[in-house]
Amino acid sequence: MGPSLQSLEDQYMLLTQQLSMILAACPSQTERDQVMTQYVASRRNYWNCVQRVFHDDDPQVISLVTEMKSEQQQITDCTKHLDDIAKVIDIITDAVGVGTALAAKVAV
Amino acid sequence: MLRLRRFFAFPLLFVLCASLLSCKTSDDARALATQMTSTASCLSDYYAALAQIVDNHARLERLQQATSGVPLDAQDQAQLSDVQADLQKRSEMAKALADLAKAFTGLSGSKAPADVSTSAADLGTALAAIPNMPGGSDAATVLQNAGKILTQFAQERDERKMAKSIDPTIAALSQMYTQEKPVYDSIDRTYIGLAQGIALDLVNHNQVDPNSLMAPALQPFDLSSRVPTEQLSQGLADYAREQIKTKAATDIAAHSKASDTMDGALKELAKRTHELAAEGRMPQRGFPSLADVESWIEPHQKQHGK
């Protein structure tokens, strides 16, 4: 399977599984809105990829995929420390940003 | 007298052999057309079921908005509508191929060359609607103009030329499916994954009726459970979670098996079409079972009201 689609699927699904737990740890609606924004971005990135069908031989794509795997591990780790929700949101924001960059690589 | 009998025997023997040879070639073409009809019909139903999965995913996103407040706007809905439309185009294309193959099958009595002509043109139109089909635009052009040629081949009973005309289309279809198969598997996984996430949430919030969990015990006695108003017991909640995870894994595995089987069937169809086109014969009979695809499709067809 193309690593691009797999990476975006993995991120979307991981955030889906963790969403309730992260939202519950948010002290206010502001943090919840931030988490929701990133979740929706991750979802959109995934469906963009489904629509476009990636080529996975682009070296930039390979590099982004590697970066996403690292971000993915950080999301998994940070959900064990929901007491620092600001840091959790930062990590998710960075990870989804990498996903957005990956989703923007369109096969011509 | 003996010499006269031999004089008439050779032409008769030649006509008999020619007829037998013609019958053998027609048997090969008929067998291929039957395989093509069956495979393409199944593929059409498969794509329709996958389009239903995407529609289900859209409903889950709407439910997620209702239960968790996750934003959902027109852009999100349009994304899923586009993916659904792409799958429906593929379903229509496969149906057009099945119709063409059926028209070929009906040619054994040379009764319906017009059906072949119409079906070929329809298939060409359906292929043109799929932008990323390998060589799709070329195949579409060939097929849109091929009705006349195919009719001529049919009337001449030249099955080899008929197979040659459809060979590139079948090869391109098989290639497209193989390339896109990871996307199909992913669509199924994310649908099940999202459903699982929402379902587990509902269990955690005591919003699940455990009636179906009690059924194995109560059904033999025509009894049904009464839902207690208090919190689900820890044991029942754990059981519900276990059922959700087990069923999710089973459903994902079933689709993976179905898509593998469909991939194999299309490759086999492409191989046999090429055999008939290149060598003028197709000695193999019997083709891969599509039971795994059909059993995955069935519940989604029911949902679609088919």
On the 0 to 90° scale, with breaks at 30° and 60°, tag the B:Trp296-B:Tyr46 ring pair as parallel, tilted or perpendicular.
tilted
With a 4.5 angstrom heavy-atom cut-off, could you sort out which part of B:Gln196 is near chain A: side chain, backbone, both or neither?
neither
At what distance, to the nearest 0.5 angstrom, does NZ of B:Lys95 lie from OG of B:Ser41?
8.0 Å
Closer than 4.0 angstrom, basic N to acidic O: yes or no for B:Arg189 and B:Asp185?
no
Looking only at heavy atoms and a cut-off of under 4.5 Å, which of A:Gln18, A:Arg32, A:Gln51 has the most pairs with chain B?
A:Gln51
Which bit of B:Leu200 is near chain A, if near means a heavy-atom gap under 4.5 Å: side chain, backbone, both or neither?
neither
Ring centroids only, cut at 6.0 angstrom: are A:Tyr12 and A:Trp47 within range, meaning strictly under it?
no
Proximal component of B:Leu80, with respect to chain A [non-hydrogen, under 4.5 Å]
side chain
May I ask you to name which of A:Arg44, A:Met13, A:Gln17 has the most heavy-atom pairs under 4.5 Å with chain B?
A:Arg44
Is a donor on one side and an acceptor on the other found under 3.5 Å between the side chain of B:Asp76 and the backbone of B:Asp73?
yes
